[in-house]
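Take a look at the structure below.
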Number of protein chains: 2
Amino acid sequence: MNIGEVASATGMSAKSIRYYESVGLVAPAARGQNNYRAYGAREIAELRFVHRARSLGFSVKDVADLLALWRDRSRASQQVHAMAAAHMAAIEQKIANLETMKATLQTLLLRCHNDDRPDCPILDDLAR
Amino acid sequence: MNIGEVASATGMSAKSIRYYESVGLVAPAARGQNNYRAYGAREIAELRFVHRARSLGFSVKDVADLLALWRDRSRASQQVHAMAAAHMAAIEQKIANLETMKATLQTLLLRCHNDDRPDCPILDDLAR
DNA sequence: CTTTACCTTCCCGTAAGGGGATGGTTTATG
DNA sequence: CATAAACCATCCCCTTACGGGAAGGTAAAG
């Protein structure tokens, strides 16, 4: 399969696939006589893994570690669990920060007249 | 006040202050005969405004717009309200994405044995 | 007088690709 | 069969919002 086919089959962009290769996340693809990248089932499965892990918010660096664990048939599930737990903690932290911002914004929005008058509690708050 | 004093007074870093100046978010600070930046109450108030808006998650570009509205005594509160509402919507979208990730991770974490055995539902899911 | 603590500018690095230029390849169409 | 549309390749710049650190001038303290 060419890179474009892989892209539409997996939902990722060709740019992303090349990028993952360029940073060493996946091995360089084999090339056809036309110099096009040629993907087999194994490589596609790996790219799917990468895509799925990225969609769960893991960084490219983390995905590299997850891939290594995946390839190591004798890894302890503990290791994977630890990575996932740490990642979830980071996500929870982000959510908490965003929730704080949201709450503040909500309060300000409710106090703002939202009309033609210049008086604006939102700006007043920012300037406090 | 020197930049360091402003930094510790406002909680932002000197680097950030210089950065905001470099991108035109705030006007270039006046300079003393030693070429140090010299800040007055007005400039400090503006930097506080910037800092507060940034802490609510507004981008630097958005802060520039908010500053412009703030300086314009005749702006309609609607305009500020619209910006804040759009920003809150974006934050809610981010939260929703993170919550989806979190839920998936939570499910996977519960299914993982988290012990020395190699069997790992988390990796299995990523590879599905 | 010297050390220490500031300040200045300048340049590099970050995360994860997207956009777009330039040029070769393949395939579809008239 | 010729050519145009659709792919593919590499390469380089752009994005966000600063942080790190180097090189060198200035100021306050011991």
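To find a chain, count down the sequence lines: A is the first, B the second, and so on, and within it residues start at 1. Atom set for the values below is all heavy atoms of this structure, side chains included, hydrogens, waters and symmetry mates excluded.
The same ILVMFWY cluster, assembled from side-chain heavy atoms under 4.5 Å apart, contains both Y39(A) and Y19(A).
In this structure, Q33(B) atom CD and dC7(C) atom P are separated by 14 Å, rounded to whole Å. Rounded to a whole Å, the CD1 atom of I17(A) is 14 Å from the P atom of dC7(D). If you take OH of Y19(B) and C1' of dG21(D), they are 19 Å apart, rounded to a whole angstrom.
For the residue pair T107(B) / T104(B), no side-chain donor-acceptor distance below 3.5 Å is found, with atom types taken as modelled.
Checking the phosphate oxygens (OP1, OP2) of dT26(C), a side-chain nitrogen or oxygen of N34(A) falls inside 4.0 Å. Between R18(A) and dG17(C) there is no side-chain polar atom (N or O) within less than 4.0 angstrom of OP1 or OP2. Residue Y20(A) has a polar side-chain atom (N or O) positioned under 4.0 Å from OP1 or OP2 of dG17(C). Within the structure, every side-chain polar atom (N or O) of R37(B) is placed at least 4.0 Å from both OP1 and OP2 of dC7(C). Of the side-chain N and O atoms in S13(B), none sit less than 4.0 angstrom from OP1 or OP2 of dC18(D). Side-chain nitrogen and oxygen atoms of R31(B) include none within less than 4.0 Å of the OP1 or OP2 phosphate oxygen of dC7(C).
Side-chain atoms of Y36(B) and base atoms of dG25(D) include a donor and an acceptor less than 3.5 Å apart.
Closest-nucleotide positions on DNA chain D for N2(A) and S16(B) were compared, and the one nearer the 5' end corresponds to N2(A).
Between R52(A) and D125(B) there is a side-chain heavy-atom pair separated by less than 4.5 Å.
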